[in-house]
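To keep things clear, I will list the structure first and then write my remarks on it.
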Amino acid sequence: MAEHLSQSELDYPFKLMEYLNGFRISKAIFSACELGVFDLLLESQKPLTAGEVAQKLGTSGDGIERLLDLLVAIEILEVELMQGTAYYNSTDVANLYLAKSSPKSLHSLIIYHSQTTYPLWNNLVDAVREGKNQNEKTFGLPSEEIFSAIYRSEEEMLKFMGLMNSTWVIDGHDIATAFDLSCFKSIIDLGGCSGALAREIAKEYPSSTVMVLDLPEVIQSAQRHFAQQNDTICFQEGNFFDGEIPSADLYILARIIHDWKDDKNVKLLKKIHSACNKGGGVLIAEALLFENRRGPTMVQTFSLNMLVQTEGKEHPPSYYTHLLTEAGFRDVQVYRTGKSYDAILALK
Ligand code: ASE
């Protein structure tokens, strides 16, 4: 039997083992972030021994040594031997993306995945069986009210806002520059959360006004925790499903459509179409599946993530084209950034 297997089939168990081990690598990085390993090494400005890290973070020496050694193996940290003692040091990658204080930090995204996404994925079997999110089983909250689950406390809301903020700090520039948006003078980011994407748009188009419209509690948290001096954007409390949508030239819907079922999406886009100024448009930012849904793998995992946490899913471009056309928009253009999130522009 084995002699009929191709080389790639014979090699597959090694690839499989690496996939199966993925959760341990994720949890090791999550744990190092939660313990404050990267912040400590950035602040210390010099290499530290495992014993020093343990003492400063209040951990066991043995536990932290094993964790630090794994982080060295995956090239997040560096190690140097001096008189037989291992000294651990940060790398540029750790300082830029993993330390809390860096402007490009993924710390908030990692905390959210560790404390919210990971427990939800623990119920993936049930999510697949039932075809619905696991907010009730995981957190004791009704599955139909997805944002009451996501925003179940102020602390959770801040964590989710941190997740949203982190991704746009990384991918926002690609979305802002996917199309020439200079003809749109008033721009509203519906559900724009902390304003991270709106700020990228405002930076690219300084002659346009950019506003974030989100739920009152989100706007208040955004102003309290994500405000910037001389901010380039403004904030407006509202509800784009139940309330009024102010008129504008361009509406941004970034990671909104993937949260909801078709009927809600059609209704929302029709409402945006009627609020939209003549010659205006809508810019959608989502992770796009290939048209045949055979990838990208990352987007397929995002779609399962939507299953465990929301009522939505990820889609290929044709879904967005149909949705936009049904709502009355025309000239749909799709731009793949090659990163996590892609852009779609349609005109009224
Ligand atoms: C939503 C986005 C997310 C609603 C719930 C969510 C994500 C996790 N939970 O609109 C983000 C998924 N993307 C990444 C990079 O993890």
Side-chain angles (χ1 to χ4, degrees), residues 13-124 138-139 152-167 169-170 225-226 298 301 305 308-309 340:
F14 301 100
K15 191 157 123 177
L16 192 56
M17 288 302 240
E18 206 160 307
Y19 285 153
L20 297 180
N21 199 46
F23 79 97
R24 291 196 189 94
I25 302 280
S26 304
K27 237 352 191 176
I29 302 171
F30 295 169
S31 303
C33 265
E34 290 196 46
L35 289 164
V37 169
F38 307 113
D39 306 313
L40 174 66
L41 289 172
L42 175 64
E43 283 156 26
S44 86
Q45 303 272 347
K46 63 173 174 48
L48 301 175
T49 66
E52 288 169 331
V53 175
Q55 190 257 319
K56 293 215 157 92
L57 299 180
T59 70
S60 68
D62 176 42
I64 205 77
E65 186 175 35
R66 296 188 215 188
L67 182 59
L68 292 170
D69 285 341
L70 177 57
L71 295 168
V72 171
I74 60 174
E75 297 170 330
I76 286 178
L77 296 182
E78 283 170 354
V79 72
E80 199 185 332
L81 277 176
M82 283 191 279
Q83 282 115 39
T85 306
Y87 283 81
Y88 297 89
N89 203 2
S90 252
T91 58
D92 289 343
V93 164
N95 289 338
L96 256 177
Y97 300 113
L98 299 172
K100 213 183 301 183
S101 59
S102 154
K104 286 219 180 287
S105 180
L106 291 172
H107 189 267
S108 306
L109 178 146
I110 290 167
I111 295 300
Y112 194 81
H113 287 343
S114 187
Q115 298 178 356
T116 298
T117 310
Y118 196 90
L120 281 161
W121 278 69
N122 204 25
N123 292 315
L124 184 61
T138 317
F139 304 118
R152 60 192 172 280
S153 65
E154 196 185 347
E155 195 192 350
E156 275 302 317
M157 182 192 306
L158 280 172
K159 278 191 216 162
F160 184 78
M161 293 176 78
L163 164 79
M164 297 290 114
N165 198 67
S166 284
T167 26
V169 167
I170 299 287
H225 300 276
F226 294 89
M298 179 82 88
T301 67
N305 198 70
V308 299
Q309 195 168 20
S340 298

*Give the C-alpha distance, both sets of side-chain angles, the deciding distance and a yes or no for side chain to side chain contact (heavy atoms under 4.5 Å, CB included) between K100 and L42.*
CA-CA 10 Å; K100 213 183 301 183; L42 175 64; over 6 Å; no
Could you tell me which residues satisfy side-chain hydrogen bond (donor to acceptor under 3.5 Å, both in side chains) with [X], sequence neighbours excluded, listed by chain and number?
| X | value |
| --- | --- |
| E43 | none |
| S102 | none |
| K27 | S114 |
| D39 | none |

*Kindly write out the residues that satisfy side chain to side chain contact (heavy atoms under 4.5 Å, CB included) with T167, not counting sequence neighbours, or none if the list is empty.*
L109, R255, Y341
Any non-hydrogen side-chain atom of [X] less than 4.5 Å from a side-chain atom of [Y]?
| X | Y | answer |
| --- | --- | --- |
| L163 | S108 | no |
| T116 | I111 | no |
| N122 | T138 | no |
| F23 | W121 | no |

Show me the donor-acceptor pairs, under 3.5 Å and distance only, between side chains in residues 13-20 and residues at least two apart or in other chains.
none

Side-chain donor-acceptor pairs under 3.5 Å in residues 71-90, sequence neighbours left out?
residue, atom, partner, partner atom, Å
Y88, OH, D69, OD1, 2.5
S90, OG, N95, OD1, 2.9

Nearest atoms (heavy-atom pairs only) where [X] meets [Y]:
| X | Y | answer |
| --- | --- | --- |
| A94 | F38 | CB-CD2, 3.9 Å |
| E65 | A50 | CB-CB, 3.9 Å |
| S166 | S105 | OG-O, 3.5 Å |

*Between atom CG of L41 and atom CG of L98, what is the distance when rounded to the nearest 0.5 Å?*
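Those atoms lie 11.0 Å apart.
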*Report the residues that fulfil salt bridge (Lys or Arg N to Asp or Glu O under 4.0 Å) with D92, sequence neighbours left out, ordered by chain and then residue number.*
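Partners of D92 under the salt bridge (Lys or Arg N to Asp or Glu O under 4.0 Å) test: none.
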_Going by ring pair (Phe, Tyr, Trp, His ring centres under 6.0 Å), name the pairs with one or both residues in residues 96-117, residues two or more places apart or in two chains._
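Every ring pair (Phe, Tyr, Trp, His ring centres under 6.0 Å) pair that includes a residue of residues 96-117, provided the two are not neighbours, is Y112-F160.
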*Taking only residues two or more places apart in sequence or in another chain, which ones pass ring-ring contact (aromatic ring centres under 6.0 Å, His included) with F30?*
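ring-ring contact (aromatic ring centres under 6.0 Å, His included) list for F30, sorted by chain: empty.
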*Is there any salt bridge (charged side-chain N to carboxylate O under 4.0 Å, His left out) pair reaching into residues 152-166, and which pairs are they, with sequence neighbours excluded?*
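Of all non-adjacent pairs touching residues 152-166, those that pass salt bridge (charged side-chain N to carboxylate O under 4.0 Å, His left out) are R152-E156, E154-R224, E156-K159.
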Distance-only donor-acceptor pairs under 3.5 Å for side chains of residues 53-60, two or more places apart:
residue, atom, partner, partner atom, Å
S60, OG, G63, N, 3.0

_Would L35 and L40 count as a side chain to side chain contact (heavy atoms under 4.5 Å, CB included) here? Give the steps._
CA-CA 9 Å; L35 289 164; L40 174 66; over 6 Å; no
